[in-house]
Amino acid sequence: MSKQELGTICVQGGYTPGNGEPRQVPIIQSTTFKYNTSEDMGKLFDLEASGYFYSRLQNPTCDTVAAKICAIEGGSAAMLTSSGQAANFFAIFNIASAGDHVVASAALYGGTFNLFNVTMRRMGIDFTFIAPDATEEEIQAAFKPNTKALFGETIANPALRVLDIEKFAKVAHKNGVPLIIDNTFPTPVLCRPFEWGADIITHSTTKYLDGHGSAVGGCIVDSGKFDWTKYPEKFPGLCTPDESYHGVTYTERFGLEGAFITKATAQLMRDFGCTQSPQSAYLLNLGIESVHLRMRAHSDNALAVAKFLKNHDKIAWVKYAGLEGDEDYALAQKYLPDGCCGVVSFGVKGGRAAAEQVMKNLKLIAIETHVADARSCCLHPANATHRQMSDEELIAAGVPSDLIRLSCGIEDAKDLIADLTQALESIA
Ligand SMILES: *Cc1c(COP(=O)(O)O)cnc(C)c1O
């Protein structure tokens, strides 16, 4: 069959039932799998045969859904994880150890920033944070001999800066390291970072891919294009025998297409067990079946709301890359021609206090520590997801203390604007 269009893969990718088999992706709710002989099972442990033995490492339902996301992103291999946090942790820890260093855009999800800046530092991995719009020279200046990866978010949560993926990929490759992109906000429906040179993609599937606030989850996708074997001294974990796995050398046995994900499964899933449950993977798949329709609706609503806010006299500023005149408008035209997702951020005149008052007055739009849902919701990050950050860190991350993050759902834009109108009317 010729290569399918994206919407078709969203609906049917990853799973093709045979004659008389279930139309829906089966939920394989089993921790373990039965074998006739110990030799049969031994081959799985040695990674000589593919198959399932224990759901902490791999489960067929999860693999089916990972294969769908892999196909939408245009990757070579993928795995589901228990959360987006686990996906970003694995993506980096798979190639960086104590004594190594990573360069990351400072415009990051608060949880990711904390994971890098606090928890992974405690593991001995050093991070340098750079501005999301850093020049090539500035990105280069952050590199050290022990740098193992460059990291950024396509559309940063909640700063909504758009990353110049081609520029970041160029500098990463000049230094012989992969570019890892967290593509949570656009989803592969709006942007496919591999087409712009990214090497590894991560997702919080909790967000738009699920889209209905039903299951926490994550995903890692490998492009299969980064040539680890060109830098064996930099990536010994992929290019030399893994003594904890019967001496397998991942790049030799699984090629560039499979090495990264197989290593992350065999080592990190085995040791950390950040698995997604098959039930969650099933729910995630239901969400993905409509994500190509939803992303357009989210984006249309967000643009309408952003235009409304921009012209409102009680609004101090609006950030939406799809809005003409936005600092990232040109980047959005290039990387996100079909829409910039449903998330808009803005500041109300009167700062922090006015922001809280507006949020209190909203009726349809709910206050939630969530984003990227079919139902509209909003959050004041300085008081929630980013409360562990100092004021300086908030500004560096592009999240001023008056910022309201509004996640436009797929309701009617008219009703969202009516809710905002009445909430803004009630402040002085
Ligand atoms: C939410 C989010 C994460 C973390 O994902 P969880 O599923 O909540 O663990 C990571 N990156 C981005 C961009 C996110 O929005």
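Counting starts at 1 for both ligands and their atoms, in listed order.
- Of all non-hydrogen atoms in H298 and D373, the two that sit nearest each other are CE1-O, 3.1 Å.
- For the ring-ring contact (aromatic ring centres under 6.0 Å, His included) criterion with F151, the lone passing option out of F129, F116, F89 is F116.
- A salt bridge (Lys or Arg N to Asp or Glu O under 4.0 Å) check over residues 85-110, counting only residues at least two apart or in different chains, returns the pairs D100-K148.
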Close N/O pairs between ligand 1 and protein, under 3.5 Å:
residue, atom, partner, partner atom, Å
ligand 1, 5 (O), S204, OG, 3.0
ligand 1, 7 (O), G84, N, 2.9
ligand 1, 7 (O), S204, OG, 2.8
ligand 1, 7 (O), T206, OG1, 2.6
ligand 1, 9 (O), G84, N, 3.1
ligand 1, 9 (O), Q85, N, 2.9
ligand 1, 11 (N), D182, OD2, 2.7
ligand 1, 15 (O), N157, ND2, 2.8
ligand 1, 15 (O), K207, NZ, 2.6

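- We find that E327 and R161 are joined by a salt bridge, their nearest charged nitrogen and carboxylate oxygen being less than 4.0 Å apart.
- A salt bridge between K170 and E136 is present, with a side-chain N of the basic residue lying under 4.0 Å from a carboxylate O of the acidic one.
- A salt bridge does not link K263 to D242: none of the charged nitrogens lies less than 4.0 Å from a carboxylate oxygen.
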